[in-house]
Amino acid sequence: MRLLMLGAPGSGKGTQARRLGEHFGVAHLSTGEMLRAEIKAATPLGLEVQGFVAAGDLVPDEIVERLIHDRVIDASRRGGYVLDGFPRTIHQAVAAYDIAKEADATVHAVVHLHVPEEELLGRLLGRGEDRLDDDAQTIRHRLEVYHERTEPLIEYYHGRGVLLTIDGGPPVDEVFTTILDRLTAYAPSD
Ligand code: AP5
């Protein structure tokens, strides 16, 4: 199974992607987690991207595309992937398609989690993890960046007939069951 998760910060992409990865026995690939690991280890890449992540801005496309390339190819050979937090721009969506094509493993479905904005703010402020981008001001900026740079992907994938929009508001287990039901009804797997 090969899935992309799409949704605003706090919509539950990471939570659901982890569970979907386990359910289908495929890799959960989160660009946010990869970037945070690089920052924590103070690698040259981590130092390069730290300012963008801390400010709630997107890391330049080329950096993220390089970071994810080999992992997607590798995961494709081992049964598939759930991509979480990538692509986030039209440029990245084109790159994602090129990478998947290179591996002869294009995406089955794009799971778009829709959650009202007040709920997103509450979730992120209440998360209590040590994340450098979870203060109120940066969260608001991340939401603006989402609307401006990432939301156009909803139309982009809708136009390609692979978009499944799911209400991400209910409890985690309920959202997960809904995603599985919708994927079963849609059922394009190989
Ligand atoms: P990233 O780590 O991807 O952060 P994000 O998109 O802002 O998403 P979050 O992790 O905050 O939320 P989520 O939707 O995964 O929700 P979660 O499951 O955690 O990216 C961070 C930064 O890295 C970016 O700002 C950017 O700088 C950079 N970056 C990453 N990818 C990039 C890319 N491709 N290009 C450029 N830059 C990139 O849940 C949130 C909270 O809600 C949790 O506490 C959870 O327990 C709770 N929750 C989840 N589901 C529910 C539910 N159904 N009901 C109640 N609570 C819930």
Side-chain angles (χ1 to χ4, degrees), residues 3-22 28-40 45-69 71-72 81-97 99 110-154 156 165-180:
L3 300 174
L4 305 188
M5 305 301 293
L6 192 58
S11 59
K13 300 183 297 296
T15 303
Q16 299 298 336
R18 210 163 294 118
R19 293 185 65 162
L20 287 163
E22 281 166 20
H28 165 214
L29 301 176
S30 157
T31 42
E33 281 178 13
M34 289 169 203
L35 292 166
R36 281 188 290 279
E38 297 280 345
I39 292 169
K40 195 164 173 217
L45 180 81
L47 296 173
E48 194 179 347
V49 302
Q50 180 160 15
F52 295 103
V53 175
D57 285 319
L58 294 185
V59 168
D61 290 333
E62 293 71 19
I63 295 180
V64 189
E65 289 161 13
R66 238 185 298 128
L67 185 69
I68 199 87
H69 179 276
R71 288 166 165 107
V72 172
Y81 51 78
V82 184
L83 267 179
D84 159 19
F86 178 89
R88 249 175 159 96
T89 62
I90 297 287
H91 191 282
Q92 291 181 19
V94 173
Y97 180 70
I99 298 170
V110 177
V111 176
H112 165 223
L113 297 174
H114 178 75
V115 176
E117 192 115 344
E118 323 76 69
E119 167 83 13
L120 296 171
L121 273 169
R123 284 186 190 179
L124 293 173
L125 285 170
R127 171 152 55 185
E129 269 174 32
D130 188 20
R131 269 188 53 165
L132 39 124
D133 56 352
D134 263 357
D135 60 282
Q137 197 185 340
T138 312
I139 290 170
R140 286 207 176 80
H141 182 60
R142 283 161 59 202
L143 289 168
E144 283 166 15
V145 170
Y146 170 76
H147 292 311
E148 191 184 320
R149 308 281 311 276
T150 307
E151 227 164 39
L153 292 182
I154 296 171
Y156 178 89
T165 293
I166 311 268
D167 179 5
V172 171
D173 287 349
E174 203 177 315
V175 175
F176 183 63
T177 306
T178 307
I179 296 173
L180 290 185

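Please read all numbers here as calculations on a predicted model, not as lab measurements. Just so you know, residue 1 is the first one in the sequence shown, and it goes up from there. Atoms within a ligand are numbered from 1 in the order they appear, just like the ligands themselves.
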Sub-4.0 Å atoms of ligand 1 with respect to non-hydrogen atoms of [X]:
X	answer
Leu124	11 (O)
Lys13	5 (P), 6 (O), 8 (O), 13 (P), 14 (O), 15 (O), 16 (O), 18 (O)
Gly85	31 (N), 32 (C), 33 (C), 34 (N)
Gly168	53 (N)
Val172	50 (N), 51 (C), 52 (C), 53 (N)
Asp57	26 (C), 27 (O)
Gly10	9 (P), 11 (O), 12 (O), 13 (P), 14 (O), 16 (O), 40 (C)
Thr31	30 (C), 31 (N), 32 (C), 34 (N)

Just need the protein heavy atom nearest to [atom], so name the residue and atom and give the distance.
atom	value
atom 53 (N) of ligand 1	Pro170 O, 2.8 Å
atom 35 (N) of ligand 1	Gln92 NE2, 2.9 Å
atom 4 (O) of ligand 1	Arg131 NH2, 3.3 Å
atom 43 (C) of ligand 1	Arg127 CD, 4.0 Å

Just to check, does [X] reach to within less than 4.0 Å of ligand 1 when the distance is taken from its heavy atoms?
X	answer
Pro87	no
Met5	no
Pro171	yes

Using a 3.5 Å distance criterion without hydrogens, assess whether the side chain of [X] forms a donor-acceptor pair with backbone atoms of [Y].
X	Y	value
Gln16	Val172	yes
Thr138	Gly56	no
Arg88	Thr150	no
Lys13	Ala8	yes
Arg71	Leu67	yes

Show the numbers, then the answer: is there a salt bridge (charged side-chain N to carboxylate O under 4.0 Å, His left out) between Glu144 and Arg149?
CA-CA 8 Å; Glu144 283 166 15; Arg149 308 281 311 276; over 6 Å; no
Can you name the one residue among Leu20, Val110, Leu83 that meets side-chain contact (heavy atoms from CB on, under 4.5 Å) with Met5?
Leu20
Determine, stepwise, if the pair His141 / Asp133 fulfils side chain to side chain donor-acceptor pair (under 3.5 Å).
CA-CA 10 Å; His141 182 60; Asp133 56 352; over 6 Å; no
For ligand 1 and [X], I'd like to know whether there is a polar contact (N/O to N/O, distance under 3.5 Å).
X	value
Phe86	no
Val59	yes
Ser30	no
Val175	no
Gln16	no
Gly12	yes
Arg36	yes
Gly14	yes

For [atom], state which one of [options] supplies the nearest heavy atom.
atom	options	value
atom 54 (N) of ligand 1	Glu33, Arg142, His141, Arg123	Arg123
atom 6 (O) of ligand 1	Arg18, Arg88, Arg19	Arg88
atom 18 (O) of ligand 1	Thr15, Leu125, Leu67, Leu6	Thr15

Is the shortest heavy-atom distance from the side chain of [X] to the side chain of [Y] under 4.5 Å?
X	Y	result
Leu47	Ile39	no
Glu38	Glu48	no
Glu62	His91	yes
Ile68	Met34	yes
Leu6	Val111	no
Ser30	Phe86	no

Distance-only polar pair, side chains of Thr165 and His114, donor-acceptor under 3.5 Å
no
Taking atom CZ of Arg140 as the centre, report whether more than 12 heavy atoms of other residues, nucleotides or ligands fall under 6.0 Å from it.
no
[X], portion touching ligand 1 at heavy-atom distance under 4.0 Å:
X	value
Leu35	side chain
Pro60	neither
Glu174	neither

OG of Ser11 to CG of Leu124, rounded to nearest 0.5 Å, is 9.0 Å
